[in-house]
Peer 1: 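I am attaching a structure below and will ask some questions about it afterwards.
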Amino acid sequence: MTSSASAEEMAGIGPVSVSVSAATPKLEPTPPKAAETALSMAVPGLPALDLNKTLSIQNEQLAIYRDLLEVLAVSEQESAALFPELSKSLVMHISTINRLKEDLQNVFTRIRALKNHFQHEYPDTFDYVQSLHVEELDDEDEE
């Protein structure tokens, strides 16, 4: 196809320009009459009623996409506002968990040290207590 018209012009959509502003982006379509004329020239066999129906459907879809774009822009702004606060909170939670892990490791190290101390200091008593503990565990398994 060696036509000078673009695919958008032939489809009747027309080029869409996007203007980005701080508040909300807006889409500005080409006028419907220019699109109808371009489409009529590209496909002369289509009745004007079908063209108008197609253009009205496309305009409805464009309105839906504009609304979606506004919703997405608002959502992005809210996310950007919440991100720093949530990042700080996450860092705080991670450091708290790491401190708890270190504390638990310290506690279990002390328990092991006490256990070894009592095993060496009072071997008979330690063995007796261990045997009671094993019997207690066996009783729980049977229930």
Side-chain angles (χ1 to χ4, degrees), residues 1-122 125-127 129-143:
M1 181 185 247
T2 60
S3 173
S4 63
S6 70
E8 292 172 335
E9 290 171 344
M10 284 195 268
I13 298 170
V16 176
S17 62
V18 177
S19 80
V20 179
S21 66
T24 56
K26 299 190 187 250
L27 299 175
E28 299 168 3
T30 57
K33 292 292 181 187
E36 286 180 30
T37 306
L39 189 57
S40 297
M41 290 184 346
V43 185
L46 287 177
L49 181 62
D50 289 341
L51 295 177
N52 290 334
K53 183 178 178 182
T54 302
L55 287 174
S56 68
I57 290 171
Q58 289 177 349
N59 285 332
E60 290 171 7
Q61 290 175 344
L62 183 60
I64 291 170
Y65 293 140
R66 282 184 185 144
D67 293 341
L68 288 174
L69 184 61
E70 290 174 8
V71 169
L72 287 173
V74 168
S75 173
E76 191 272 334
Q77 289 173 353
E78 290 173 358
S79 296
L82 287 174
F83 182 75
E85 180 183 335
L86 293 175
S87 294
K88 289 177 186 177
S89 177
L90 177 65
V91 167
M92 185 182 73
H93 288 302
I94 289 173
S95 66
T96 301
I97 289 173
N98 287 335
R99 283 191 312 242
L100 286 172
K101 180 183 173 189
E102 290 172 5
D103 290 345
L104 284 173
Q105 287 175 341
N106 186 17
V107 166
F108 285 116
T109 302
R110 290 167 137 186
I111 289 172
R112 281 188 221 103
L114 285 172
K115 188 176 174 182
N116 285 334
H117 172 73
F118 289 130
Q119 187 176 13
H120 293 307
E121 190 75 25
Y122 310 102
T125 308
F126 186 82
D127 290 339
V129 171
Q130 286 292 91
S131 68
L132 289 177
H133 183 67
V134 170
E135 289 173 6
E136 187 178 288
L137 289 176
D138 289 341
D139 291 342
E140 288 178 6
D141 289 341
E142 291 174 6
E143 293 174 1

Peer 1: If the condition is side-chain hydrogen bond (donor to acceptor under 3.5 Å, both in side chains), which residues does T96 pass it with, not counting sequence neighbours?
Peer 2: R99
Peer 1: Rounded to the nearest 0.5 Å, what's the gap from NZ on K115 to CD1 on I111? Could you check?
Peer 2: 10.0 Å
Peer 1: Side chains of I57 and Q61, heavy atoms from C-beta outward: is any pair under 4.5 Å?
Peer 2: yes
Peer 1: List for me each residue that meets side chain to side chain contact (heavy atoms under 4.5 Å, CB included) alongside L104, sequence neighbours excluded, and say none if there are none.
Peer 2: F108
Peer 1: Which residues pass the side chain to side chain contact (heavy atoms under 4.5 Å, CB included) test with R110, sequence neighbours left out?
Peer 2: N106
Peer 1: For F118, enumerate each residue passing the side chain to side chain contact (heavy atoms under 4.5 Å, CB included) test, keeping only those at least two apart in sequence or located in another chain.
Peer 2: L114, Y122, F126
Peer 1: Given E70 and V74, is the side-chain contact (heavy atoms from CB on, under 4.5 Å) satisfied, shown in steps?
Peer 2: CA-CA 6 Å; E70 290 174 8; V74 168; 5.6 Å; no
Peer 1: Between side-chain atoms of residues 79-93 and protein atoms elsewhere (two or more places apart, or another chain), which donor-acceptor pairs fall under 3.5 Å?
Peer 2:
from	atom 1	to	atom 2	distance (Å)
S79	OG	S75	O	3.0
S87	OG	F83	O	2.9
S89	OG	H93	NE2	3.4

Peer 1: Excluding sequence neighbours, so at least two apart, what forms side chain to side chain contact (heavy atoms under 4.5 Å, CB included) with L68?
Peer 2: I64, Y65
